[in-house]
Amino acid sequence: MSITDLLSADDIAAALQECQDPDTFEPQKFFQTSGLSKMSASQVKDVFRFIDNDQSGYLDEEELKFFLQKFESGARELTESETKSLMAAADNDGDGKIGADAKFSWLLFDTT
């Protein structure tokens, strides 16, 4: 499976363009531009599984660091501060992992 089976290549390119410089990644803006925020919960879980490199059912900081590269192999890595910020926003129990649960889905769909 490719991420472009789930999202438009043009939308992905636009989302990556918006955050190409270090420390410019804004999760909700990325999710809106890429089309993630328009997906059903089932589709979001498909994307989650695509991002979950080791298929553990969780995303850790190492996987989040390469989040953008899952959308395009030549994309940059998230900075340490971006990675920690994304983890803090979605890690609902403080265990240092993000599960494919309601909290992760909330992060995708919350546009406030």
Side-chain angles (χ1 to χ4, degrees):
M1 173 175 72
S2 167
I3 196 72
T4 55
D5 292 337
L6 303 167
L7 297 166
S8 152
D10 289 341
D11 289 346
I12 292 169
L16 290 170
Q17 179 67 29
E18 290 176 348
C19 62
Q20 68 181 350
D21 295 324
D23 294 315
T24 59
F25 176 72
E26 296 176 26
Q28 286 143 342
K29 186 175 182 181
F30 182 85
F31 300 146
Q32 285 178 321
T33 303
S34 68
L36 281 166
S37 62
K38 298 173 189 157
M39 300 179 98
S40 70
S42 173
Q43 291 170 314
V44 168
K45 286 190 179 199
D46 288 341
V47 172
F48 185 93
R49 284 190 287 274
F50 183 78
I51 296 167
D52 183 10
N53 288 336
D54 61 6
Q55 299 302 300
S56 65
Y58 297 95
L59 300 178
D60 58 25
E61 282 192 15
E62 189 64 21
E63 288 169 311
L64 288 181
K65 179 179 174 182
F66 300 105
F67 178 83
L68 297 176
Q69 293 177 356
K70 296 304 278 186
F71 293 87
E72 181 182 286
S73 62
R76 69 177 180 86
E77 294 177 7
L78 292 180
T79 65
E80 183 177 347
S81 63
E82 289 170 323
T83 301
K84 289 188 180 305
S85 177
L86 182 54
M87 178 61 74
D91 179 12
N92 58 342
D93 60 7
D95 67 354
K97 300 182 286 189
I98 302 170
D101 58 13
K103 179 66 173 179
F104 184 72
S105 296
W106 169 84
L107 179 65
L108 290 176
F109 294 114
D110 182 29
T111 58
T112 58

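Every heavy atom of this structure was used, including side-chain atoms; hydrogens, water molecules and symmetry mates were not. Since the model is a prediction, treat every value here as computed from it, not as a measurement.
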Problem set entry | Donor-acceptor pair, side chain of Asp91 and main chain of Asp95, under 3.5 angstrom | yes
Exercise. Closest heavy-atom contact between Phe25 and Cys19?
Worked result: CA-CB, 3.7 Å
Exercise. Who pairs with Glu63 by salt bridge (charged side-chain N to carboxylate O under 4.0 Å, His left out), at least two apart in sequence or on another chain?
Worked result: none
Exercise. Does the side chain to side chain contact (heavy atoms under 4.5 Å, CB included) test come out yes or no for Arg76 and Gln20, once each step is laid out?
Worked result: CA-CA 7 Å; Arg76 69 177 180 86; Gln20 68 181 350; 5.5 Å; no
Problem set entry | Lys70 NZ to Leu59 CG distance, which is reported to the nearest 0.5 Å | 10.0 Å
Exercise. Would you say the side-chain atoms of Ser73 pair up with the backbone N or O of Gln69, donor to acceptor, closer than 3.5 Å?
Worked result: no
For this session: Mind listing the closest non-hydrogen atom pair of Asp23 and Ser81 along with its distance?
Result: OD1-OG, 2.8 Å
For this session: Decide salt bridge (charged side-chain N to carboxylate O under 4.0 Å, His left out) for Asp46 and Arg49; before the verdict, give the C-alpha distance in whole Å, the side-chain angles of both, and the deciding distance to 0.1 Å.
Result: CA-CA 5 Å; Asp46 288 341; Arg49 284 190 287 274; 2.4 Å; yes
For this session: Run the numbers on Asp54 and Ser56 for side chain to side chain donor-acceptor pair (under 3.5 Å), then give the verdict.
Result: CA-CA 5 Å; Asp54 61 6; Ser56 65; 2.9 Å; yes
Exercise. Does one hydrophobic cluster hold both Phe50 and Phe30, with members joined at side-chain heavy-atom distances below 4.5 Å?
Worked result: yes
Seminar exercise, completed: Looking only at heavy atoms, the pair that brings Ile98 and Leu64 closest together is CD1-CD1, 3.7 Å
For this session: Starting at CG of Asp11, measure out to CZ of Phe71 and round the result to the nearest 0.5 Å.
Result: 11.5 Å
Problem set entry | Same apolar cluster: Met87 and Leu78, side chain cutoff 4.5 Å | yes
Problem set entry | Closest non-hydrogen atom pair between Val44 and Leu36, with its separation | CG2-O, 4.3 Å
Exercise. Is there a side chain to side chain contact (heavy atoms under 4.5 Å, CB included) between Thr33 and Glu26 once you walk through the steps?
Worked result: CA-CA 11 Å; Thr33 303; Glu26 296 176 26; over 6 Å; no
Problem set entry | Shortest non-hydrogen contact between Gly99 and Phe48, atoms and distance | C-CZ, 3.6 Å
For this session: Go through the side-chain N and O atoms of Ser2 and Thr4 and say whether any donor and acceptor fall under 3.5 Å apart.
Result: yes
Problem set entry | Interatomic distance, Thr24 atom OG1 to Glu82 atom CD [nearest 0.5 angstrom] | 6.0 Å
Exercise. Which atom names give the shortest non-hydrogen contact between Leu6 and Met39, and what distance separates them?
Worked result: O-CE, 3.6 Å
Problem set entry | Partner residues of Lys65 under the salt bridge (charged side-chain N to carboxylate O under 4.0 Å, His left out) criterion, sequence neighbours left out | Glu77
Exercise. For Glu18, what residues pass the salt bridge (charged side-chain N to carboxylate O under 4.0 Å, His left out) criterion, not counting sequence neighbours?
Worked result: none
For this session: Quick one: do Ile51 and Phe66 satisfy side chain to side chain contact (heavy atoms under 4.5 Å, CB included)? Show the steps, please.
Result: CA-CA 9 Å; Ile51 296 167; Phe66 300 105; over 6 Å; no
